[in-house]
2 protein chains.
Amino acid sequence: MKDKRIPLSKQKEIEQQFLQALGKKIRKLRFENDNMSQEALGLECNLDRTYIGGIERGERNPTVLNLKKIADALGVSVEQLFSEGSK
Amino acid sequence: MKDKRIPLSKQKEIEQQFLQALGKKIRKLRFENDNMSQEALGLECNLDRTYIGGIERGERNPTVLNLKKIADALGVSVEQLFSEGSK
DNA sequence: ATGTGACTCTAAGTCCGTT
DNA sequence: GAACGGACTTAGAGTCACA
């Protein structure tokens, strides 16, 4: 087996992609939720709209509890925020 | 339909349960992973051992990226950290 | 209705130790 | 090996004015 380790620079890149994928997913779910606006979603879960926007753009590294708030407001489970393709 | 809103005090309680469920899950996966120690897991994902312990006890509110690190170290997807029952 | 930069302040996360 | 505590640094929470 080769070296499993990943260069730190690559690691950062991967993490960025991960956050962006998460953001895209949230945005998608938001649109599917009656074309809700970031503002409306922010109101639902008591988070600032700019904060929501930042997450959707993958610029934020949110905590689980905030993810849960968002998932709740979107009517999905946290698990679904991380699920790929299906649907 | 009754009031969907939840008293803030209850909300905190629910969040605690959520973090604890997550912690239990991680602990379970850690044991299933060759009875790995918190210390070894911490080393794997570059996180402090006391921090891992705190998460498992539901006392911490970790960020997604750290969850991803842990999931990676445990050889599972982040999604699986939130999946219920079904093995 | 959203993107962005900048800001304050709280909590995330580390490191030391003892039980 | 893990729980728990104290003290500490840094990153994220949370907010705003403006494009």
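Letters A, B, ... mirror the listed sequences (proteins, then strands); counts begin at 1. Bear in mind that the values here come from a model prediction, so they are computed numbers and not experimental data.
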*Is K25(A) close to Q80(A) at the side-chain level, that is, under 4.5 Å between some pair of heavy atoms?*
no

*asked:* Taking the minimum atom-to-atom distance to the side chain of R27(A), which one of dC4(D), dG3(C), dG14(D) wins?
replied: dG3(C)

*asked:* As a test of reading the structure: which of dG3(C), dC4(D), dT4(C) is closest to the side chain of Q38(A), going by heavy atoms?
replied: dG3(C)

Atom pairs, protein N/O to nucleotides 16-19 of chain C N/O, distance under 3.5 Å:
{"residue": "dG17(C)", "atom": "O6", "partner": "R49(B)", "partner atom": "NH2", "Å": "2.9"}

*Over how many whole Å does the gap from E15(B) atom CD to dA12(C) atom P extend?*
11 Å

*Without swapping roles, check the side chain of N61(B) against the backbone of L65(A) for a donor-acceptor pair under 3.5 Å.*
yes

*Remember a base hit wins even if backbone is also touched, and classify E59(A) as base, sugar-phosphate or nothing at under 4.0 Å, heavy atoms.*
sugar-phosphate

_Nearest to the side chain of T63(A), heavy atoms from C-beta on, is which of dA2(D), dA3(D), dG12(D)?_
dG12(D)

*When you match M36(B) and N61(A) each to their closest nucleotide on DNA chain D, which lands nearer the 5' end?*
M36(B)

*asked:* Could you tell me how far apart L65(A) (CG) and dT10(C) (P) are, to the nearest whole angstrom?
replied: 18 Å

*Return no unless some side-chain N or O of Y51(A) is found under 4.0 Å from OP1 or OP2 of dG14(D).*
no

*asked:* Walk me through whether L47(B) and I70(B) qualify under side chain to side chain contact (heavy atoms under 4.5 Å, CB included).
replied: CA-CA 9 Å; L47(B) 293 173; I70(B) 293 171; 3.9 Å; yes

*Rounded to whole angstroms, how far apart are CG on L43(A) and C1' on dT15(D)?*
14 Å

*In whole angstrom, what separates I52(B)'s CD1 from dC15(C)'s C1'?*
15 Å

*Would you mind reading off the distance between N66(A) atom CG and dA11(C) atom P, rounded to a whole angstrom?*
12 Å

*Scan E56(A) against the nucleic acid and name what it touches under 4.0 Å (heavy atoms): base, sugar-phosphate only, or nothing.*
nothing

*asked:* Below the 4.0 Å mark, does dC4(D) have OP1 or OP2 next to a side-chain nitrogen or oxygen of R60(B)?
replied: no

*Search all heavy atoms of A73(A) against all heavy atoms of E44(A) and return the closest pair with its distance.*
CB-CB, 3.7 Å

*Could you tell me the separation between the CD atom of Q16(B) and the P atom of dA11(C), rounded to a whole number of Å?*
13 Å

*Is the shortest side-chain N/O distance from R57(B) to OP1 or OP2 of dA3(D) below 4.0 Å?*
yes

*Check the pair V64(B), F18(A) against side chain to side chain contact (heavy atoms under 4.5 Å, CB included), reporting the backbone distance first and the verdict last.*
CA-CA 9 Å; V64(B) 238; F18(A) 179 77; 4.2 Å; yes

*Within this structure, what is the CG-to-C1' distance between N46(B) and dA12(C), rounded to whole angstrom?*
16 Å

*asked:* One thing to verify: whether R30(B) and E56(B) come together as a salt bridge, which I'm taking to mean a side-chain N less than 4.0 angstrom from a carboxylate O.
replied: yes

_Length of the line joining I55(A):CD1 and dG14(D):C1', which is rounded to integer Å_ = 11 Å

*Applying the 4.5 Å side-chain criterion to the ILVMFWY set and letting contacts propagate, would V76(A) and V78(B) be lumped into a single cluster?*
yes

